[in-house]
J.: 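After the structure tokens below, expect a handful of questions from me.
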Amino acid sequence: EVKEKYYKESNVLIIDISNLLYLLQDNDEMMKRLTESVQYNIFSIPPQKILDTSTLTIKEKKKKLETKSQNAEAITLIEKLENMPYGKEDNSDKIYEKLCTDIINYLFKSDFTRMKEQHTTEDQMFRMDLICGIKDTSEFWNILIKHYNTRFVVFEFKNYEEKINQNLIYITEKYLYHATLRNVAIIISRKGFSSNAHKAANGILTENGKLIIDLCDEDIISMLRMKADEEDASDYMLDKLEKWLISISK
């Protein structure tokens with residue numbers, strides 16, 4: 001590990017005694033000279049191949065290409081979000097829903113067991129923009145599973161020019177059921193919650209134990225930049241959740 005680290009960081013290839021023993025296995029004269037030069041018993045040391053720098057180089061190149069591709073995808077998603085018109089004109093609301101789904105897929109695909117778009121309940125009463133089964137891959141998702149008794153998260157996407165009002169919070173609450181392990185919703189909108197919407201979300205949490213999280217353009221862009229920098233975007237969600245929880249009174 002140390003050799004690999006030095007090569008990656010400084011392009012220095014370290015060759016130690018085990019590597020020399022490997023190189024000289026078929027050269028009796030050189031092996032004799034090595035044995036005479038060293039002041040300790042080398043016969044108990046297992047010969048070892050030199051670090052394969054060609055493989056490392058290929059891995060590094062692949063990683064750089066993946067990072068470059070990831071950065072490009074994040075930049076594209078940010079640009080699309082920033083240039084997205086508000087409202088429903090020219091199907092902007094549907095385009096926004098698709099964009100948000102792409103963003104969630106980019107940020108959290110490895111954290112989900114499944115993703116289902118435009119999910120309608122069996123009784124046809126409710127249609128959710130996106131519902132995802134979650135894994136405990138990070139502290140944020142682990143908290144949702146263990147402390148909010150949920151295995152699924154509902155995502156709602158609202159391309160409103162104004163802040164979300166409390167009515168949407170109460171509508172979203174109806175999608176959530178303890179018995180179906182669906183106790184958390186995340187509403188993604190352009191401007192976030194109004195003060196009344198925040199109060200409604202607080203009340204639903206303290207009275208019914210259902211969690212409705214608010215994300216706006218600013219939050220989404222911050223998480224996309226984190227992901228591009230190879231950071232875990234769920235850490236941003238964890239920080240946001242913790243700040244919210246400690247702010248709630250009885």
Side-chain angles (χ1 to χ4, degrees), residues 70 73-74 76-78 80-81 84 87-88 91-160 164 167-190 192-193 197 200-201 204-205 208-217 219-224 226-227 232-238 240-241:
Q70 190 163 279
E73 187 175 357
T76 298
L77 291 169
I78 289 171
K80 285 183 178 180
L81 182 60
M84 175 65 62
K88 296 183 177 181
N91 282 326
S92 291
D93 56 334
K94 301 301 180 187
I95 297 171
Y96 177 72
E97 286 180 12
K98 180 63 171 64
L99 175 60
C100 286
T101 299
D102 290 343
I103 289 171
I104 295 302
N105 184 64
Y106 170 76
L107 291 174
F108 303 120
K109 184 178 180 180
S110 62
D111 300 325
F112 297 150
T113 58
R114 67 185 68 236
M115 294 178 66
K116 186 168 178 58
E117 299 176 47
Q118 305 296 320
H119 177 69
T120 305
T121 54
E122 195 174 81
D123 56 12
Q124 303 296 311
M125 288 184 66
F126 303 114
R127 184 190 68 80
M128 292 160 265
D129 291 336
L130 180 68
I131 184 167
C132 300
I134 58 175
K135 298 184 284 188
D136 58 347
T137 48
S138 70
E139 189 172 354
F140 173 72
W141 303 114
N142 190 40
I143 285 173
L144 299 191
I145 292 168
K146 288 187 176 179
H147 298 286
Y148 293 95
N149 193 36
T150 197
R151 292 301 306 192
F152 301 95
V153 172
V154 174
F155 287 91
E156 285 292 298
F157 310 127
K158 302 301 174 185
N159 193 32
Y160 300 168
I164 298 295
N167 292 334
L168 182 62
I169 308 303
Y170 295 126
I171 291 170
T172 302
E173 183 195 7
K174 294 177 182 178
Y175 302 165
L176 307 179
Y177 295 98
H178 294 296
T180 58
L181 303 179
R182 193 169 71 228
N183 289 317
V184 177
I186 298 174
I187 299 179
I188 298 177
S189 64
R190 309 302 301 277
F193 288 5
I204 289 167
L205 176 60
N208 302 322
K210 298 175 182 178
L211 190 65
I212 301 178
I213 298 171
D214 165 35
L215 292 177
C216 64
D217 280 4
D219 297 315
I220 295 298
I221 290 170
S222 294
M223 286 192 289
L224 286 169
M226 284 181 69
K227 180 74 173 181
D232 189 344
S234 70
D235 287 344
Y236 183 95
M237 301 279 284
L238 177 63
K240 189 177 179 74
L241 176 62

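The residues of the chain are indexed from 1 along the displayed sequence.
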J.: If we ignore hydrogens and angles and just use 3.5 Å, is the side chain of Lys116 paired with the main-chain N or O of Leu130 as donor and acceptor?
T.: no

J.: Can you name the nearest heavy-atom pair linking Ser138 to Asp232, along with the distance?
T.: CB-OD2, 3.7 Å

J.: With the side chain counted from C-beta on, respond yes when Ile145 and Arg151 share a heavy-atom pair under 4.5 Å apart, and no when they do not.
T.: yes

J.: Spell out, as yes or no, whether a donor-acceptor pair under 3.5 Å connects the side chain of Ser189 to the backbone of Gly192.
T.: yes

J.: Can you give me the closest heavy-atom contact between Val184 and Ile213, atom names plus distance?
T.: CG1-CD1, 4.4 Å

J.: Residues two or more places apart in sequence or in another chain: which of them pass ring pair (Phe, Tyr, Trp, His ring centres under 6.0 Å) with Phe157?
T.: none

J.: Heavy-atom distance under 4.5 Å between the side chains of Tyr236 and Ser222, does that happen here?
T.: yes

J.: Evaluate the criterion side chain to side chain contact (heavy atoms under 4.5 Å, CB included) for residue pair Ile186 and Val154; output intermediate values, then yes/no.
T.: CA-CA 6 Å; Ile186 298 174; Val154 174; over 6 Å; no

J.: Is the closest side-chain donor-acceptor distance between Asn183 and His178 under 3.5 Å?
T.: yes

J.: Do you know which two heavy atoms are closest between Gly133 and Phe152, and how far apart they sit?
T.: CA-CD2, 3.7 Å

J.: May I have the step-by-step check of side chain to side chain contact (heavy atoms under 4.5 Å, CB included) for Leu81 and Tyr96, ending in yes or no?
T.: CA-CA 8 Å; Leu81 182 60; Tyr96 177 72; 3.9 Å; yes

J.: Can you find a heavy atom in the side chain of Tyr175 that is under 4.5 Å from one in the side chain of Glu156?
T.: yes

J.: Which pair of non-hydrogen atoms, one from Leu107 and one from Ala233, has the smallest distance, and what is that distance?
T.: CD2-CB, 3.9 Å

J.: Could you pull out the closest heavy-atom pair between Asn208 and Glu173, with the gap in Å?
T.: ND2-OE2, 2.7 Å

J.: Nearest 0.5 angstrom please: Leu99 CG to Lys80 NZ, how far?
T.: 6.5 Å

J.: Measuring from atom CG of Asn142 to atom NZ of Lys135, what distance do you get when rounded to the nearest 0.5 angstrom?
T.: 13.5 Å

J.: Go through the steps for Asp235 and Phe140 under the test side chain to side chain contact (heavy atoms under 4.5 Å, CB included), then give the verdict.
T.: CA-CA 7 Å; Asp235 287 344; Phe140 173 72; over 6 Å; no

J.: Determine whether Lys158 and Asp93 make a side-chain contact, defined as any pair of heavy atoms from C-beta on separated by less than 4.5 Å.
T.: no

J.: Return yes if a side-chain donor-acceptor contact under 3.5 Å exists between Asn159 and Ser92, otherwise no.
T.: no

J.: Determine whether Leu215 and Ile187 make a side-chain contact, defined as any pair of heavy atoms from C-beta on separated by less than 4.5 Å.
T.: no

J.: Under the criterion side chain to side chain contact (heavy atoms under 4.5 Å, CB included), I'd like the reasoning laid out for Tyr106 against Glu73: C-alpha separation, chi angles, the key distance, then a yes or no.
T.: CA-CA 8 Å; Tyr106 170 76; Glu73 187 175 357; 3.3 Å; yes

J.: Testing the basics here: between Ile212 and Ile169, what is the closest heavy-atom pair and its distance to 0.1 Å?
T.: CD1-O, 3.6 Å

J.: Got Met115 and Ile104 here, is their nearest side-chain heavy-atom distance under 4.5 Å?
T.: yes

J.: Please determine whether the number of non-hydrogen atoms from other residues, nucleotides or ligands lying under 6.0 Å from atom NZ of Lys240 exceeds 12.
T.: yes

J.: Any side-chain heavy-atom pair from Tyr170 and Ile204 closer than 4.5 angstrom?
T.: yes

J.: Are Glu117 and Phe155 side-chain neighbours, meaning at least one heavy-atom pair lies under 4.5 Å?
T.: no

J.: Quiz question: by atom type and distance under 3.5 Å, do the side chains of Asp111 and Trp141 form a donor-acceptor pair?
T.: yes

J.: Do the side chain of Arg182 and the main chain of Ile131 share a donor and acceptor less than 3.5 angstrom apart?
T.: no

J.: Rounded to the nearest 0.5 Å, how far apart are CG of Leu211 and CG of Leu176?
T.: 9.0 Å

J.: Find the distance between CG (Leu168) and OH (Tyr160) and round it off to the nearest 0.5 Å.
T.: 5.5 Å

J.: Could you give the distance from CG (Asp219) to CE (Met237), rounded to the nearest 0.5 Å?
T.: 8.5 Å

J.: Do side-chain atoms of Thr150 reach the backbone of Leu181 as a donor and acceptor pair under 3.5 angstrom?
T.: yes

J.: Could you pull out all residues at least two apart from Asn167 that satisfy side chain to side chain contact (heavy atoms under 4.5 Å, CB included)?
T.: Asn165

J.: Within this structure, what is the CD1-CD distance for the pair Ile188 and Glu97, rounded to the nearest 0.5 Å?
T.: 11.0 Å

